[in-house]
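All remarks here apply to the structure that follows.
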Amino acid sequence: MIALYDRLTRSLNASADTILPTLARFIFAATLLFYFWNSAGTKWDGTPFSPSLGGYAQIFPKAMEAAGYDASQLGLFHWAVVVSGTLAEYILPLLLVIGLFTRLAALGMIGFVVVQSLTDLYGHGGIAHIETLGKWFDGLPDGAILDQRAFWVFVLLTLVLKGAGPLSVDRILKTRASKM
């Protein structure tokens, strides 16, 4: 019985490098790709280089409130953060889905989710609402920050550790590079 179990687990371990990254990229595409793209779309007027009032308000809620929701009162730093954040919401998910620079893109997305979560908690006041923050080990899996985003980061961490898997641009580039 133990020998059979060992053969089964060896087989599963051997397939993990194929299955886990491919499944992680599929789950990201199915659940988060359009979430991030739709969110990015709310942050610009005309082009991603012309941030909307909503873009500033989403990323810098307290600064916008202090400026009376007049984005012209904010500086170059605010503009650069909104533009780079908007571009990141488009580019990083695309890189993950096609499997290009996957580990780096997944690491960037983890950073993005951390900043997004901190903005939601402290910038938008979510820290004061237990239903937004959530609580681990409470039997309720629907806290927006601690519960849901832990799963997001887990999927992304899988890609950081395992790479993109066999069905990816990374694999194509690696195969071509090894033939040169």
Side-chain angles (χ1 to χ4, degrees), residues 12 16-17 19-44 48 51-67 69 71 74 77-165 168:
L12 289 172
D17 288 340
I19 293 170
L20 287 177
T22 304
L23 187 58
R25 286 180 38 238
F26 174 79
I27 289 170
F28 179 87
T31 61
L32 292 172
L33 174 66
F34 292 107
Y35 166 82
F36 284 110
W37 282 359
N38 290 334
S39 174
T42 67
K43 292 181 177 75
W44 52 278
S52 69
L53 183 63
Y56 284 107
Q58 289 176 53
I59 296 174
F60 294 107
K62 293 187 181 209
M64 281 297 287
E65 185 178 351
Y69 295 95
L74 302 179
F77 168 78
H78 296 92
W79 175 87
V81 170
V82 174
V83 168
S84 62
T86 301
L87 291 173
E89 276 189 298
Y90 283 121
I91 295 168
L92 293 176
L94 177 64
L95 292 175
L96 290 176
V97 171
I98 66 172
L100 178 60
F101 307 122
T102 305
R103 293 175 195 258
L104 193 57
L107 197 57
M109 283 302 305
I110 289 171
F112 191 94
V113 170
V114 167
V115 170
Q116 174 190 23
S117 299
L118 291 172
T119 300
D120 288 344
L121 291 172
Y122 296 101
H124 293 287
I127 194 79
H129 305 284
I130 192 67
E131 64 275 2
T132 300
L133 175 61
K135 184 177 176 186
W136 285 346
F137 307 106
D138 64 354
L140 303 171
D142 59 350
I145 306 298
L146 288 179
D147 296 333
Q148 293 175 15
R149 294 188 188 166
F151 281 103
W152 298 4
V153 170
F154 181 77
V155 167
L156 294 166
L157 190 56
T158 299
L159 295 171
V160 169
L161 297 174
K162 292 287 188 183
S168 65

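Numbering of residues begins at 1 and proceeds along the displayed sequence.
Residue Ser117 forms a side chain to side chain contact (heavy atoms under 4.5 Å, CB included) with just one option from Thr119, Val113, Val114, and that option is Val113.
The two residues Pro21 and Gly163 come nearest to each other via the heavy atoms CB-O, 3.0 Å. Residues Met109 and Pro93 share a closest heavy-atom pair of SD-CD, 3.9 Å. Here the shortest heavy-atom pairing between Thr158 and Ala24 reads CG2-CB, 4.1 Å. Closest of all the heavy-atom pairs between Ser168 and Gly165 is OG-O, 2.9 Å. Closest heavy-atom contact between Arg149 and Ala144: CG-O, 3.4 Å. For the residue pair Leu146 and Gly134, the shortest heavy atom distance occurs at CD1-O, 3.4 Å.
When side chains are defined from C-beta on, Lys43 counts as touching Ile59, because their heavy atoms get closer than 4.5 Å. Here the side chains of Pro51 and Val83 are in contact, with some heavy-atom distance below 4.5 Å. Between Trp79 and Leu74, every side-chain heavy-atom pair lies at or beyond the 4.5 Å cut-off. Between Gln116 and Ser39, every side-chain heavy-atom pair lies at or beyond the 4.5 Å cut-off. Using a 4.5 Å cut-off on side-chain heavy atoms (C-beta onward), Leu95 and Thr102 make no contact.
One distance of note links CG of Leu156 with CD1 of Ile27; it measures 11.5 Å at 0.5 Å rounding. With rounding to the nearest 0.5 angstrom, the CD atom of Glu89 is 10.0 Å from the CG atom of Asn38. Rounding to the nearest 0.5 Å places CD1 of Ile91 at 10.5 Å from OG1 of Thr86. For the atom pair CG of Leu12 and CD1 of Ile19, the computed distance is 7.5 Å after rounding to the nearest 0.5 Å. To the nearest 0.5 angstrom, Asp147 atom CG is 8.0 Å from Leu140 atom CG.
At least one donor-acceptor pair under 3.5 Å links the side chain of Ser52 to the backbone N or O of Thr42. Checked by atom type and distance alone, the side chain of Ser84 pairs as donor or acceptor with a backbone atom of Val81 at under 3.5 Å. Side-chain atoms of Arg103 never come within 3.5 Å of backbone atoms of Leu159 as a donor-acceptor pair (strictly under, hydrogens ignored). Although no hydrogens or angles enter the test, the distance criterion places a donor-acceptor pair under 3.5 Å between the side chain of Arg25 and the main chain of Ala164.
Listed by first and then second residue, the salt bridge (Lys or Arg N to Asp or Glu O under 4.0 Å) pairs that reach into residues 125-146 come to none, sequence neighbours excluded. For the ring pair (Phe, Tyr, Trp, His ring centres under 6.0 Å) condition, the pairs that include at least one residue of residues 123-164, sequence neighbours left out, are Tyr35-Trp152, Phe36-Trp152.
For Leu157, the CG atom counts as densely surrounded, since its 6.0 Å shell holds more than 12 non-hydrogen atoms of other residues, nucleotides or ligands. Counting non-hydrogen atoms of other residues, nucleotides and ligands closer than 6.0 Å to OH of Tyr69 gives a total above 12. The environment of OH in Tyr90 is crowded: more than 12 heavy-atom neighbours from other residues, nucleotides or ligands sit within 6.0 Å.
Partners of Phe34 according to the ring-ring contact (aromatic ring centres under 6.0 Å, His included) rule, which considers only residues two or more places apart in sequence or in another chain, are Trp37.
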side-chain contact (heavy atoms from CB on, under 4.5 Å) between Ile145 and Ile127, intermediate numbers included: CA-CA 10 Å; Ile145 306 298; Ile127 194 79; over 6 Å; no
